[in-house]
Amino acid sequence: MRYIQRDSMEQRKMLETVGVASLDALFSDIPREVLSRFEPIGLPGRSELEVFEHFSRLAEANGAATGVSLLGGGVYDHYVPRAVAHVLGRSEFYTAYTPYQPEISQGTLTAMFEFQTMVCELTGMEIANASMYDGATALAEAVLMANRIRGYGRVAVSQALGAPLRRVLDTYCWAAGIEVLDVPFGESGQTRTESLPADVSAFVIQSPNALGVLEPLNGVKDRLGQAFLVVSTYPLALGLLEPPGSFGADVVVGEGQSLGLPMGFGGPLLGLFATRKEYLRQIPGRVAGRTLDASGAVGYTMAAQTREQHIRRERATSNICTNSALCALAATVYLAILGSGGLRQVAQLNFERAHDLAETLARRGCTFPFDGPFFNEFVVRPKDGAGAAHARLTAAGFVVEASQALTAYGVNDALRLAITERRTDEELRRVADLLGGTS
Amino acid sequence: MRYIQRDSMEQRKMLETVGVASLDALFSDIPREVLSRFEPIGLPGRSELEVFEHFSRLAEANGAATGVSLLGGGVYDHYVPRAVAHVLGRSEFYTAYTPYQPEISQGTLTAMFEFQTMVCELTGMEIANASMYDGATALAEAVLMANRIRGYGRVAVSQALGAPLRRVLDTYCWAAGIEVLDVPFGESGQTRTESLPADVSAFVIQSPNALGVLEPLNGVKDRLGQAFLVVSTYPLALGLLEPPGSFGADVVVGEGQSLGLPMGFGGPLLGLFATRKEYLRQIPGRVAGRTLDASGAVGYTMAAQTREQHIRRERATSNICTNSALCALAATVYLAILGSGGLRQVAQLNFERAHDLAETLARRGCTFPFDGPFFNEFVVRPKDGAGAAHARLTAAGFVVEASQALTAYGVNDALRLAITERRTDEELRRVADLLGGTS
Amino acid sequence: MSTLFDLASSTREPAGGVVPRPRWTDEEVAARLDGRLLRRRALRLPNLPEGTVVRHYTRLSKLNYGVDDGIYPLGSCTMKYNPKLNEDIARLPGLTQVHPLADASLVQGTLEFLAELTRLLARIAGMADVTLQPVAGAHGELTGMFLFKKYFESRGETKRVRILLPDSAHGTNPASAAVAGFEVTEIPSNASGTVDLAALRAELDASVAGIMLTVPNTLGIFEESILDITAAVHEAGALAYFDGANLNAYIGRARPGDMGADVFHFNLHKTLSTPHGGGGPGAGPVAVSAQLSEHLPVPRIVRREGKYALDWEAPASIGSVHSFYGNVLVAARAYAYLLHLGDEGLRAVSENAVLNANYLQARLKNSFPLPYDRLCKHEFVLSGGELPNHLSTLDVAKRLIDYGIHPPTVYFPLIVREAMMIEPTETEDRAALDRFVEVMETIAREARDEPDRLREAPIKAPVRRLDQTLAARSPVLTHPFPEEA
Amino acid sequence: MSTLFDLASSTREPAGGVVPRPRWTDEEVAARLDGRLLRRRALRLPNLPEGTVVRHYTRLSKLNYGVDDGIYPLGSCTMKYNPKLNEDIARLPGLTQVHPLADASLVQGTLEFLAELTRLLARIAGMADVTLQPVAGAHGELTGMFLFKKYFESRGETKRVRILLPDSAHGTNPASAAVAGFEVTEIPSNASGTVDLAALRAELDASVAGIMLTVPNTLGIFEESILDITAAVHEAGALAYFDGANLNAYIGRARPGDMGADVFHFNLHKTLSTPHGGGGPGAGPVAVSAQLSEHLPVPRIVRREGKYALDWEAPASIGSVHSFYGNVLVAARAYAYLLHLGDEGLRAVSENAVLNANYLQARLKNSFPLPYDRLCKHEFVLSGGELPNHLSTLDVAKRLIDYGIHPPTVYFPLIVREAMMIEPTETEDRAALDRFVEVMETIAREARDEPDRLREAPIKAPVRRLDQTLAARSPVLTHPFPEEA
Ligand SMILES: Cc1ncc(COP(=O)(O)O)c(C=O)c1O
Ligand SMILES: Cc1ncc(COP(=O)(O)O)c(C=O)c1O
């Protein structure tokens, strides 16, 4: 017990002060039946050395960690500048609570304010919150918000929305009694936005979508009428791509993992949530705002707290308390380290490597089920079938999704590949050889 | 160039302030011939990602890192509580300079003071310095100090002194014109201290020595006359063993790596240096001391600075400036985390695992060239020859020293094994099987 | 407080150098991408050398107060020490560099500890099954409410639309119920701070889906009639949800399953020592009784033929509540903590948590009114309602800052006027508790004799007292960039 | 400032839990070990939970000032930013968990970068060979003096016992020469702050082993007659040692080998950005001209048949100066830095280091006397000798602390009265330099108008001005434990 001081002499003195006779007496208010039913979990304590060695063995049992990842679909194998972990390792940041006491939380609050600014810059929106649990709950909450405001009880959703997003959206909508209408995609892999259902609270679209294809958002908003245009985005791509805000999005959400977070088997992640100023009182989660102290100096504090469950309780617009603050800090530091120049470089590297590979594959006779524009991820049909190609890639140490994963989108016999800045020329050459045969 | 801001516009403005026309003009004082002979090193710049991946590959090329270490001889594979690295990772500690400005260096200075206290506790001495480069230079400087004080120009040295120590000692003594006399060891592996040469400035002995054997220091000091008793020790063992100070040592030095430092292919290391109060003005290296500030509050500062080269220059007793401060901090935190109870546990674990293995090996018919007491390291003669045993161990993933390494001590066909608390029962079973055959 | 954006000068050239330089020209990019898809306006993100950025965030960090800086007695938040071992485990490349869509055969290590943690949490709760998917306490609550909904839906009991909640409940409870589409009915507390059983019984009809209880409640008081409460709820055909944020009060000696809980959420970032990160990420695993386990979120981690796998086949499931499998790296920390503690350690957790709280309560009630003066569990609530000189709880909180101590939770629970909710946690030693008492006593004296010291507090923080109203009234939520030319 | 020992209470029971419990009883241990060998008195090390220890050192850390806290213009110390990349590289388990006695075949990764760094440093120096063994600048000097000694010994020139040193030399230079058994003769500087060539020539006789020079010297001035100096030394049959602590002044555009250096030491913890660690560890690799390379310390890292190996065969070697191969993990950081910078980056180092120093010099000489007013290199020296109101350089230094800035090196070099030696380094940007100027100007004004502000400084540091004399006169060097019963 390295963390808990158990000093029998001190304990005796403290019990005296409390005025009870024994440690057990401290629990006399728990019904005896409950206490007597108790069973231990059957675990001996272990030393730090043993726990660490145990986890080292578990870590070694993860073959994926030493493989070369070609996986995407919301989480990507990006390089994180090492300085990010150093900042996050400052215990003042990671051992602090939510900044309820702003005077001794200016570190967290200033970073939240910076984060919000950065999210607005990236997405082209006016306001952003300080984070959501992940991209999926961010999207679900965006839809709840849209429906709260518009009240149609129905939302239209692109069928090219990634499965992780769709699953969570379905759950939240089911509970809230919101009907979900599907909007199909075409041969380009782009959602058919020409005719959208009417009387919906929101139209939900993801770009790049689950097939890696960039959606043509231009003009969509005009066709929507009252409905919110809710766009789920890939923030790293926005170093190169025009932000959804420029196309009239009402809410932009996204998975922020690409901004400085490890893949971590999918958690913790970082939900981004940005919208128009007019919806400030409606947005879920926390927001930091600028204010002044008693001496007139600038400081930061949680703003718009009146929305919060503390005050309004059952009328709260959101139940979110703990969110992804430290992940948001990671994204903030990531963007600060890269700067606009660096982010553009990373984004372009992803773009050019993925396109390089796709073009090589095309030359070698692979085909592509969809011909829409893409960023760093695409669906390819290997020459001799996806199953065989998948087996070859796996045997060669690549980590790839099984081809069945795409059946959810009606695609068969194809693989989805994501290519990040971490993939080397040599790795891409090997992928090309394994998929398209040597040239 | 992520670390250096090169902004051409700012540079121009600064050059104007300086009053020179160009960046090149800043170097006009370097002789033209020198500038013209310059050749670049032929290295393109690389991005952080590339440098990190390069080093990851180098790290993977170190098979030793994933092997099971049975190596000792001054550096040991001990477990370092993870909190140590967290404290060392505080940039206020590792990015600071030597505490020349004590008012903003109380962190470093207080820790130095604690370190000195701990070294004195461990070694049983009165004063200690704030660190030396490593155990070898600490020993060499101890001998120089002894000779400065005693002036005989000769020192007696146990032949069971570890080669890394002896090599450096020889170099320093050669330069200082000090003659080194050998003192042999006997069948127990213990140095023959019964008759020691007279008229020497110091007698140097290591315990546990290069053969892993604990030296019987009892009574040695009485037989030394004027000469300093200089003992090189293994500080972690002192959690269990009586300190050299109890046997009248005049200087205790040692390699502090066992106290919370990684093996790191042998550097950075940590030299310990402790002695009697009366030699304060003679000791090399830095010392922190307690003092008061202008308001009467307690604080720490570098003490005995008058000894230092700043002031006395060519009459300085030591040329040491940068030492192993951060390693000393690691040792301080290591000892603080373990406490007296934890250190005793670690020491005993080393002792019992090593003895467990040795006793098993004895039962299986291995023999031992030396029968003196030992701590966690011993020399064993495998049943079918050291060469074959070494090959088997290596093939099984153990990292062991070649048997030739012991020829420096006149030992043939034997292996030296060090067993730390990190070695598991399973590993020791395998070692026993590989060396002694299955029982 | 200058922000990163204040550091930027417009002339700065991109620093670059994190990744290799791209090879394609703008034209080569444009040849592959419709111009309308390409970013037109450059991002307004400063381009600074690493040192400048690191200094900025190092400075910001020092404006914060964390658990490593001292006692952090935020009631209900369980701000205990976060072991460094766990941090390092969660940073092992073998755990972090794992994609959630990797084949199960390549992630056996992670699946193993997730499965093991699931099993251990179920044992701790004394309940049938656990999901690790929810990523916060409130997310666990929401998941729990989804489970309630699904349960009644599957039984065709669609009229059960109400959730009962004690008035001492944490704010996330009613909010979660509301987000899940339930109506909330508040149940008053009785004089001893616990649920008024008669009032509860009066509400329990066929429109009630269930009750949400915090055990011990937010006053730090154990619901002594807990068995009667849950029995009454069950009798009415409803379910009992337990908010487990306060589990450290009885972990290792009692189990919610034995008290009648149907759904229970853990706060790993409270009870099992994972750090709060300045507001997350956390983890809110949910335990359920046998009858609810078929509704748990997908995927489930299962073991088949000695291998771990993800099972998506669960027709009665509520679906998913997270993109993947919850906060895996938070779960790793919690599992490490459990492995270290073992049964003996878990017992020590509740022992010291409760001893520390009662010790503080005993010593502090001389200086501040204690509305519910009785044995407490892991926390207790003082009132600042009787402060002299028109001072408030907020003033006490801010004055604590001047003494280098983090204030307790204030103005919650709502049923205590000017509440100060104090939870020392089990990792504080007596020296830290005594120091806290001493400072609180000093502040009580100052309130009487030198009220301005409280009113003007804090004076030693990085900023003076901040104007929260201003922030709410005229919100400035992003950096105001100067208009560009 | 309480220490760890002040936190301890005598009743505390051992915390344990870092390693498994030992299995043997005291008797079982004693059965294997002579009683006289067993520790009798328990260590007086407190037994504290991890959180208490971590809080203690977190608090201590905040009493320190590091490069990540702001400009650190310690002249001669090159306190530049330490990239985080390099720190992480030096912590890769593949590099740290490697025993120095492991077979070369198992450490090819480490040997590769050591060999490559050796090669690159030789190219940077423009010299024949390099050893990485010395672990600090002064250790490099000592190694250099050993090399001198061996060189002359091998030639039978045993009368060369003197080392010449400019009076501006760093204190370690004479000390190193003395420790290596040489006598030191000081050479005066001329009016322009450089070596007095005539005085040097007058001393150069057959008793001289060599000269130690710092280039640029400690005034930040480049020895413009460097080629004449080294020519004269060589003509006299002596050798030239260059102290390379100031290499950032010309790295990437000039090489000591081209200036006539026979031995040259690098300070990796200055020039190549490895952190100082509060006083180490550093690394002081030594470069030599061809004629000295056979004397370099053993072992050497060699490449044979495509594999790296350690070569111990060097009969003319001085032997070893370190237990193993020097500070390998410091070398890793330096190598990482070199890889990142490349040639273009190295040039940027000297460019910005010198530009920054000259900019500061130009701006500050209006506020403080600049005894040598000329083009400087990476640093320059102001004088506090003319301060009004009997103030001293020390007062200025302490007042800087109140403005949150680390003072420059003071009272060195000795040839400037009340010296303030200022080295901004290349990683400071102009904003940081301007802030420094502004504060120095303010202090100059305060010296005139409000001298007490300087005299009483620092008032904002964790402690007020400390009494150094007291510490030296009545040394208390260890915790005074209360006498035990
Ligand atoms: C009693 C109680 N319930 C629920 C929560 C919500 O937990 P989280 O912040 O993890 O969503 C909290 C945390 O503040 C709490 O104290
Ligand atoms: C000019 C000069 N030479 C030598 C040294 C000594 O270097 P080290 O401290 O690494 O031993 C220093 C460092 O202070 C220095 O500035």
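Every chain is numbered from 1, with letters handed out A, B, ... down the list of sequences.
Note that OG1 of T424(B) and CD of E50(A) are 10.5 Å apart. Values are rounded to the nearest 0.5 Å.
The two residues R82(A) and E48(B) make their nearest non-hydrogen contact at N-OE2, 2.8 Å.
Proximity to chain B (any heavy atom under 4.5 Å) is shown, for S91(A), by both the backbone and the side chain.
For Y79(A) and E53(B), the side-chain atoms include no donor-acceptor pair closer than 3.5 Å.
Annotation: maximal heavy-atom pairing with chain A below 4.5 Å, among E92(B), E60(B), E421(B), occurs at E92(B).
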